[in-house]
Every structure is written in C-alpha cells, then in structure tokens.
Number of protein chains: 2
Amino acid sequence: MKSISSSVIRRLPRYYRFLSELDKKGIQHVSSRELAKRMCSTASQVRQDFNCFGEFGQQGIGYNVKKLKDEIENILGIKCHYRAILIGAGNIGTAIANQVVFENKCFDLVGVFDKDEAKIGQKIGELDILHTDDIESFCSINAIVTAILCVPKSEVEELSERLYNIGIRSFWNFSHFDLNVKFENVIVENVHLSDSLMQLCFRITQKSNSL
Amino acid sequence: MKSISSSVIRRLPRYYRFLSELDKKGIQHVSSRELAKRMCSTASQVRQDFNCFGEFGQQGIGYNVKKLKDEIENILGIKCHYRAILIGAGNIGTAIANQVVFENKCFDLVGVFDKDEAKIGQKIGELDILHTDDIESFCSINAIVTAILCVPKSEVEELSERLYNIGIRSFWNFSHFDLNVKFENVIVENVHLSDSLMQLCFRITQKSNSL
DNA sequence: TAGATTGTTAATCGATTAACAATC
DNA sequence: TAGATTGTTAATCGATTAACAATC
C-alpha cells in the first residue's frame, strides 16, 4: 500500500459516510464520476485517491462499494472501539455524547465527568455522571485512550495536565485551549466552532462585496 | 490588495483569535516567529500570509497587533452582525447558541425555532423559542441572512427548502444532509463532528500501527 | 463490438519553504 | 553600528487535473 497523503485522509470520512449509505441501499457498484458529484470533487481526484490503497475498481463497471467501504473502515480504524471518557456534561457535552459518540463505532464512551455536584448521579445515556475528582481512580481501573474535553477553556489547562499524567495521549478538544502547544507527542483533534462561524461570515462578506 | 488564497482564509480565524488575545494583554507587536510558534506553522508562512493584504510589519520590530487584528476583522466581516435564526433547540442547538453564537460578533441571533410543542415559550438566552411553523411569518418581518441548522438530517431536506424559498442563502449546517448538492449558489458551512471524530480515530490507529 | 470506466502517467497548478537584501 | 525582523523572490514540494491506453 502506497502512503496516503494528508489531503486524502481528510476526505476519507466523507467517502466512508457516502459508501455506507450506498451499501445500506444495497448498491453494489459506484463510478468515480458519481462519487465525485457527491463529494463536490472530480472523477480524476476520486480515482487518484483510491489508487493509493489497492484496487477496488473494474473498468466499465466502477468500484465495489462494500469492499471499498471495508477498506476505508480498516484504514481509519473504525471498529477499534477505543475507550473514551468525556469531561463536561453541559449542553455541548451532552449533545456530543448522545448525537455523535454513542452513534459512532470508533470510540466506546465509558465514563462521563463533571465538577458540578448537582449533576453527579444524573445520567447521560446509560452512564452515571461522576465527579471530576474521580477521574484518576476511574482511569486506574479502566484503560482509557482518549478524553473528550467539553469544559470551558479556563479549566482545560489544569485538567489536561491531570489527564496527561495518567497516560492519556489523545484528545478531542472543544475548547480553544491550545493543547498542541502545551504537550508534545499528543494527538489533538480540535473542534473550533467559532472558527467555522467566522469562515461562514467571511464567505457571506465576500459574496456581498462581489455584488 | 492581492487576492487571498483559500488556504490563507482557512487560517485567518486562528490568527484573529490569537491577535485578539495579544491585544487584550496590551501587547503591541508580535514577530512572525512568535505567531508561527503559536499557529504550529513557520515564520515564512506567516509573512507570506500577511503579505497579501498590506503592510503591518516593521523590520526589526514585528507586526502591529492592533492594526493586523483590525484588518483581519475587516476581511472576515466580523462586526457585520448578520442576522441569523437557529432551528432545533435541543442540546446541540442550545449549546451552539449559548457558547458560540451569543459570544460572537459576526452574527446576531434573533430567532430560535423548534417543532416540539413542549419547548415553545421556553427561552434560549433572551429569545423565546418559537414554533417552526412560524418561520415564514417571522422572516417576513425580520431580514434574515443565515440559518443555523441543528435539527436531525431527516428534517433538513424539507426545512432547507422552506428556508430557501424565503430567500435564505447561507447555512451553518450541523447535520449530514448535503445542502451543497441540493442547492446551487448557496453558502454552506458544514460542521461534521463525526468526521472530526473519525480523523481522531485514524490518527490513533496510525500511531498504534507505527509502534 | 461499442460504451463505459478504471489505473496511471504527465502536465499544471498552487502552496510552502528557503534565502536574503532592505530597513527598523 | 549590530541585531532583529520584515517583504519578496526563487526553489521546492505536493496536490489536482487532464489525458489516454487498458479492459471490463
């Protein structure tokens, strides 16, 4: 398998989602042209993208949906079920747990923590909300790979240090605290919603300037 | 002003956030080297990025934080206060409204809608939650630029058509429904949280494979 | 066979990095 | 003046697009 470039990797989740849809519908083959249309891309790019990991296409017919989907699943490591904890059971934490994490095969959410006493004992999904003081003891008896940070920026500095100290090396970070700058050799996937909103703002501005 | 490439645009919100921080701290100048460190980038790239919109740097001293921040503010159109409505007052919608939209100067959130009768009349921030049936009448007396879609994928198809029909041409979309494919000449900023989670999954997988 | 579509090479395009004179 | 740092050009690198022979 040739190495996969970073721009291909960024596109893999979308390919995966679309191929899953096709697979559910029972569609067995799809052409690069159709995939491109759906991805807002070009047929050439789709073929180039898939070229680097084996041969799933047949001339005149297209790509085998199921095989291609399974291959991307392997590359991404979906089905690995990495064990995760979530910290911050506010609106965003609750939404993320219910609408994204529980729906997903990549990660098993096994613990939810909050520092607000009023929330302790309430549930998110099937999980009791535990106190953040108990993170260390919880993690000492549960091997945890990833922490999902849904707490305000001001709390992330101290929290991330504690998590780092108990061996957690990957983070899904919803705050603006810059974990990459604080730690080396740590995997950080940032979700900067306000950046996304500013991008939208820019595009509206650009459009109205061009009228 | 030279034209701004799309990769520069993607970085502008982060520059803006960092420059705002420096400005709040009263720091007046910053070098490309420092900015690069913070951006996980290179000094060369920072200089190249700023080169395309005027001259804010002084040899030997660095960039004027305030001027540079204001310029980016203008380019992005922050302070335009585009009027927006949000549809779907669940966990994600509530979190987005409180933690992102109300905190932001780009958009003025002026209406929140949900189809769940039980939520009608409750408040998000200072706004009463209204019924989605009332979107058309609300928008006929309030000029709305943008819709923030926090409803399940299954509802977006019909909803987006209604919004399109009353003239809304930009969307901040939290569902996986593909508005770009449905409409032309519409600005869509997608937030695909599950894609982000898959990226994280991939990076963990990649790291454990390389050990 | 004719039509469709892949796999792959080559060409183009754009983004990043390196280098250094200019200048504060 | 010496040190720091920009602005800008040139070189490199990588990603996208075009083209077409191979083949189902």
Side-chain angles (χ1 to χ4, degrees), chain A residues 1-15 18-19 22 27-72 75 180 195 199 202 206, chain B residues 1-15 18-19 22 27-72 75 180 195 199 202 206:
Chain A
M1 190 167 90
K2 299 165 208 170
S3 84
I4 303 175
S5 78
S6 66
S7 52
V8 176
I9 291 162
R10 249 180 287 132
R11 288 191 286 268
L12 285 183
R14 270 166 81 203
Y15 282 123
F18 186 44
L19 290 165
L22 292 177
I27 294 166
Q28 292 179 348
H29 294 94
V30 64
S31 68
S32 52
R33 217 180 101 265
E34 287 170 85
L35 272 169
K37 196 181 154 195
R38 176 59 187 248
M39 298 284 291
C40 298
S41 167
T42 64
S44 214
Q45 174 146 132
V46 171
R47 292 205 295 280
Q48 199 71 281
D49 283 353
F50 294 163
N51 197 232
C52 60
F53 51 91
E55 305 183 1
F56 300 93
Q58 269 186 303
Q59 280 104 327
I61 291 168
Y63 293 91
N64 182 314
V65 170
K66 186 137 186 38
K67 277 191 193 167
L68 193 51
K69 171 182 158 281
D70 288 347
E71 179 65 14
I72 295 178
I75 292 169
N180 288 299
D195 288 10
Q199 300 283 357
F202 170 77
Q206 192 183 37
Chain B
M1 192 167 89
K2 299 166 207 168
S3 83
I4 304 175
S5 79
S6 66
S7 52
V8 177
I9 291 162
R10 251 180 287 129
R11 287 189 288 267
L12 285 184
R14 269 166 80 203
Y15 283 122
F18 186 44
L19 290 165
L22 292 177
I27 293 166
Q28 291 178 349
H29 294 94
V30 63
S31 69
S32 53
R33 219 180 99 264
E34 288 170 85
L35 272 169
K37 197 181 155 196
R38 177 59 187 249
M39 298 284 291
C40 298
S41 170
T42 63
S44 211
Q45 175 147 130
V46 170
R47 292 205 293 280
Q48 199 70 280
D49 282 354
F50 294 163
N51 198 232
C52 62
F53 49 91
E55 304 182 2
F56 300 94
Q58 269 185 304
Q59 279 103 327
I61 291 168
Y63 293 91
N64 182 312
V65 169
K66 185 137 185 42
K67 277 192 192 166
L68 192 51
K69 170 182 158 281
D70 287 347
E71 180 64 14
I72 295 178
I75 292 169
N180 288 300
D195 287 11
Q199 300 284 356
F202 170 77
Q206 193 181 36

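For the numbers below, each heavy atom of this structure counts, side chains included, while hydrogens, waters and symmetry mates do not. These figures come from a predicted structure and were not determined experimentally. In what follows, chains carry the letters A, B, and so on, assigned in the order in which the sequence lines appear, proteins first and then strands, with residues in each chain numbered from 1.
- Among the atoms of the strands shown, none is found under 4.0 Å from any heavy atom of B:F50.
- Distance A:I9 CD1 to D:dA15 C1': 13 Å, rounded to the nearest Å.
- Atom-to-atom distance recorded for A:Q28:CD and A:I61:CD1 is 11.0 Å, nearest 0.5 angstrom.
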Each base of DNA chain D marked ( ) or [ ] if paired in-strand (Watson-Crick or G-U under 3.5 Å), | if paired to another strand and . if unpaired gives ..||||||||||||||||||||||
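- Set against C:dT16, C:dT5, D:dT6, the side chain of A:S31 has C:dT5 as its closest nucleotide.
- Residue A:L68 holds its CG atom at 11.0 Å from NE2 of A:H29, rounded to the nearest 0.5 Å.
- Between the side chains of B:S44 and B:T42, no donor-acceptor pair of N or O atoms lies under 3.5 Å.
- One distance of note links CG of A:L12 with CD of A:E71; it measures 10.0 Å at 0.5 Å rounding.
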Its contact letters, B for base, S for sugar-phosphate only and - for none at protein heavy atoms under 4.0 Å, make nucleotides 17-24 of chain D read BBBB-BBB
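- To the nearest 0.5 Å, atoms CD1 (B:I27) and CD (B:E34) are separated by 8.0 Å.
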Evaluate B:L22 against B:Y63 for side chain to side chain contact (heavy atoms under 4.5 Å, CB included), listing each step before the verdict.
CA-CA 12 Å; B:L22 292 177; B:Y63 293 91; over 6 Å; no
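- Among the nucleotides D:dG7, D:dT16, C:dT16, the one closest to the side chain of B:R11 is C:dT16.
- To the nearest angstrom, C1' of D:dG7 lies 17 Å from CG of B:N64.
- Look at CG on B:L68: it is 14 Å from C1' on D:dG7, rounded to the nearest Å.
- Of all non-hydrogen atoms in B:F202 and A:I75, the two that sit nearest each other are CD1-O, 3.3 Å.
- The CG atom of A:N180 sits 12.0 Å away from atom CE of B:M39, with the distance rounded to the nearest 0.5 Å.
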